[in-house]
Asker: 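Sharing a structure here in structure tokens format.
All values reported here derive from a predicted model rather than from experimental measurement.
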Protein chains: 4
Amino acid sequence: MEVSARGRPRSSDLDQRILAAARDALAAGGYEALSMEAVARAAGVGKQTLYRRWPRRPLLVMDAVLPGVPPGVSPGRGQPDTGSLAGDLAAIVAEQTRADQAVGQRLLRGLVADCLGQEDLTEVLRARLLRPRLRAVGVAAERAARRGELAADVPPALVAEVVAGAMLSRLLLLGTRPDELAFGRRLARLVAHGVCLPASNGAARPPDG
Amino acid sequence: MEVSARGRPRSSDLDQRILAAARDALAAGGYEALSMEAVARAAGVGKQTLYRRWPRRPLLVMDAVLPGVPPGVSPGRGQPDTGSLAGDLAAIVAEQTRADQAVGQRLLRGLVADCLGQEDLTEVLRARLLRPRLRAVGVAAERAARRGELAADVPPALVAEVVAGAMLSRLLLLGTRPDELAFGRRLARLVAHGVCLPASNGAARPPDG
Amino acid sequence: MEVSARGRPRSSDLDQRILAAARDALAAGGYEALSMEAVARAAGVGKQTLYRRWPRRPLLVMDAVLPGVPPGVSPGRGQPDTGSLAGDLAAIVAEQTRADQAVGQRLLRGLVADCLGQEDLTEVLRARLLRPRLRAVGVAAERAARRGELAADVPPALVAEVVAGAMLSRLLLLGTRPDELAFGRRLARLVAHGVCLPASNGAARPPDG
Amino acid sequence: MEVSARGRPRSSDLDQRILAAARDALAAGGYEALSMEAVARAAGVGKQTLYRRWPRRPLLVMDAVLPGVPPGVSPGRGQPDTGSLAGDLAAIVAEQTRADQAVGQRLLRGLVADCLGQEDLTEVLRARLLRPRLRAVGVAAERAARRGELAADVPPALVAEVVAGAMLSRLLLLGTRPDELAFGRRLARLVAHGVCLPASNGAARPPDG
DNA sequence: GTGTAACCGAGACGGTACGTCGAGTCTTTCC
DNA sequence: GGAAAGACTCGACGTACCGTCTCGGTTACAC
């Protein structure tokens, strides 16, 4: 039911030139060096042409550097099934961390910085940075539940939130360090089994208040 | 043995006028509405005077809205000792969430946004937003360890990171919801006891790989 | 074969609004009161728009108050031919003085003050304040030479320089007084006939050394 | 009758340090580079101390670079008496030009630029740049009058004004060129004998209108 | 074909904030 | 009260981007 495309169609060649110019600018001077003005200039493109496609800077940057979701692929693609929740979580953390490092921590921080100020952009950020992680962890948690591994009163969403939150806060605030792999394993173990010794009395898992 | 203060001393009265003007601007239009220009104007102060004290906007905002650390008070002040790690964690999350809500989620996001782009400001952010939380959780974890509640191979810093990360990512990305108290309890229980059912065999706490 | 004007053309309406605002500012507070900032504000125009046309304050002021050379008019327009060099010079001085008084001595001083510090502006000043006077006097001197009135060894340019110099130094330093007309006549006679009594011997006009 | 000097007397050593700093600044970056701020800094002197002595920048510069009038010396010092008005004028122009070149044309233009905008400073400028020249020419003219060389109806002040005006406009606007000596001779001859051929009829010196 | 509508480069435009600079004045402490 | 230091008000500077707009001109589809 799309209204028939009238007028001159957009040149998809320009999309590429613009994205390339954006990536160049990011590589050259980081997120700060990327102004819409500069990108248009470098791409040899009018500002209107740029704004028509990406009305906000973060949207452009996301399309330039974040891996697009390949259409028609199931969300659980590539997710390992190691047989235990702890193993799955460690694998997810490792994979996400690798992806983040490919993009670059500085760039991601700049991007988040530019989104957090406005609610609509924050929502986009959630969609592209946060929700994929929540989903990945959630899927693993649900699999664990089906397997009977998960305690009955633990909502998979909570697990997802804790794991994703730890990943993101490291990425954005703390800074990731080379031993990210080990961190993933520790985090997975913590989430799976908790930090407390099993108490001899039954109080170890009191009912939820 | 500070070098004797030469020249005219800075007027602490102006400090207050500036901070008040900053708070007004924040209250009126949120973080975005606060420009150094506007604050100087509203405070009836030259821009130089403002830049002399707070050379960057986030520094001004932090001093305007974040609770300063009262000098000479032990870092562990006010921390409850509920007798269990889970209880302590829930209390900490509740307290921090309350404090964050007093400042305001929108404002905090704007502030973080303005800092993340530059490393030096990110460091300040760590010092004022992140480390107090890490420290609070760390203290509770160490107390639990002394109590014998904590598993031997769990570093308190990891606990701190996970809990603080979950809090912050909710604050910054997910958005806190009214039932923050319940979230705190759930998070605390998750961290304390994990999400997996205790396995009948001894594999529940395998040694760290 | 000017390259075809690309992009949005400048609005000539804005030119007028800016010049009007400049004249208002000059009328209100003299040269000192005219800041680029104030003109842009008063004209309801962005500063960039102002700087794009007049990148320096003196250039704006000149276009605002100095009579532009009407295109296609011969440079000698309006120059009187009284039949004698002395008469012509007196007429020129009178006319220029009248024009200067129309602009205002204070304003002209401010303008010159703002130009003298930089060589490029001084050159513009020469083009718009000095050279028209040199040309006017030079034309009269050449006419006198053709008429056989001028001594053979007197370069017209020297006459021009002396007369224009006397006018300008009065304007800028000494200050003109109400009897400017009489000054013009005296100056003209001095230049034409010198100040010395004709010597009885032929030494009155010794050859140039 | 001087009121008794109270408090700490001013250190004349500081005067010298300040003047030296001013000269350094002028030498380094021309008139524009000399700000009161910079001079105070370079001289290691408080701004108040500087302003107490030279409340305006041009006053400081004048004292720094213009030859002070040595006290108790007759104003006509060093003025040659060549026996003819033309000779005296040429000598005066030559001497003044030499003095101006010692100070520097760029610096003098900057100085004049800084004075012209305000009437009080313009008056000081007259006193130090213009009147000495007027006086020198005036003295020569009066000597010529006593000698019987000058036409009866020519006021010496007019001669002074024309000669000084020609000198100053060259200095400030036209720019002096290396052949300043020749200019002086030509100017002197022009002023002495005029530019017109003596007419055969008696109309050469018509009575003043 | 000939509208008509959207695209396109270029750059003008109003607006807003930036961070710096200099002029003078004021306020300390020290001498 | 002189002096050094530096805080202070004021206001302009010139630049940079933002996001919108107006040009001349170019495609493409629809009639």
Asker: Do NZ/NE/NH1/NH2 and the carboxylate oxygens of A:R10 and A:D15 come within less than 4.0 Å?
Answerer: no

Asker: Within the modelled atom types, does a donor on one side and an acceptor on the other bring the side chain of B:R8 and the base of E:dC26 under 3.5 Å apart?
Answerer: yes

Asker: Taking 4.0 Å as the cut-off, does a side-chain nitrogen or oxygen of C:R52 come that near to OP1 or OP2 on E:dA12?
Answerer: yes

Asker: Salt bridge between D:D114 and D:R109, side-chain N to carboxylate O under 4.0 Å?
Answerer: no

Asker: In terms of side-chain geometry, is the basic nitrogen of A:E119 or A:R126 positioned less than 4.0 Å from the acidic oxygen of its partner?
Answerer: yes

Asker: Using the side-chain hydrogen bond (donor to acceptor under 3.5 Å, both in side chains) rule, collect all pairs that involve residues 17-30 of chain A, keeping only residues at least two apart or in two chains.
Answerer: none

Asker: Less than 4.0 angstrom between a side-chain N/O of C:R6 and OP1 or OP2 of E:dG9, yes or no?
Answerer: no

Asker: Give a yes/no answer on whether the side chain of B:S11 brings an N or O atom under 4.0 Å of OP1 or OP2 in F:dA7.
Answerer: no

Asker: Between A:R10 (CZ) and E:dG9 (P), how many Å, whole number?
Answerer: 12 Å

Asker: Taking the nucleotide of DNA chain E with the nearest heavy atom to each, does C:V45 or A:P9 sit closer to the 5' end?
Answerer: A:P9

Asker: In whole angstroms, how far is the P atom of F:dT27 from the CG atom of A:D13?
Answerer: 13 Å

Asker: In plain terms, say whether B:E32 and B:R106 are close enough for a salt bridge, that is, a side-chain N and a carboxylate O under 4.0 Å apart.
Answerer: no

Asker: For nucleotides 11-17 of chain F, give me one character per nucleotide, 5' to 3': B if any protein heavy atom sits under 4.0 Å from the base, S if the only such contacts are to the sugar-phosphate, - if neither.
Answerer: -BBBBBB

Asker: Specify the separation, in whole Å, of atom CG of B:L50 and atom C1' of E:dA17.
Answerer: 13 Å

Asker: Any ion pair linking D:D63 and D:R53 (charged N to carboxylate O, less than 4.0 Å)?
Answerer: no

Asker: Any side-chain N or O of C:T49 below 4.0 angstrom from OP1/OP2 of E:dG14?
Answerer: yes

Asker: Calculate the interatomic distance between B:L14 atom CG and E:dC26 atom P; express it in whole Å.
Answerer: 16 Å

Asker: Report the distance from atom CH2 of D:W54 to atom P of E:dA23, rounded to the nearest whole Å.
Answerer: 16 Å

Asker: Which distance, rounded to the nearest 0.5 Å, do you find between the OH of A:Y31 and the CG of B:L116?
Answerer: 11.5 Å

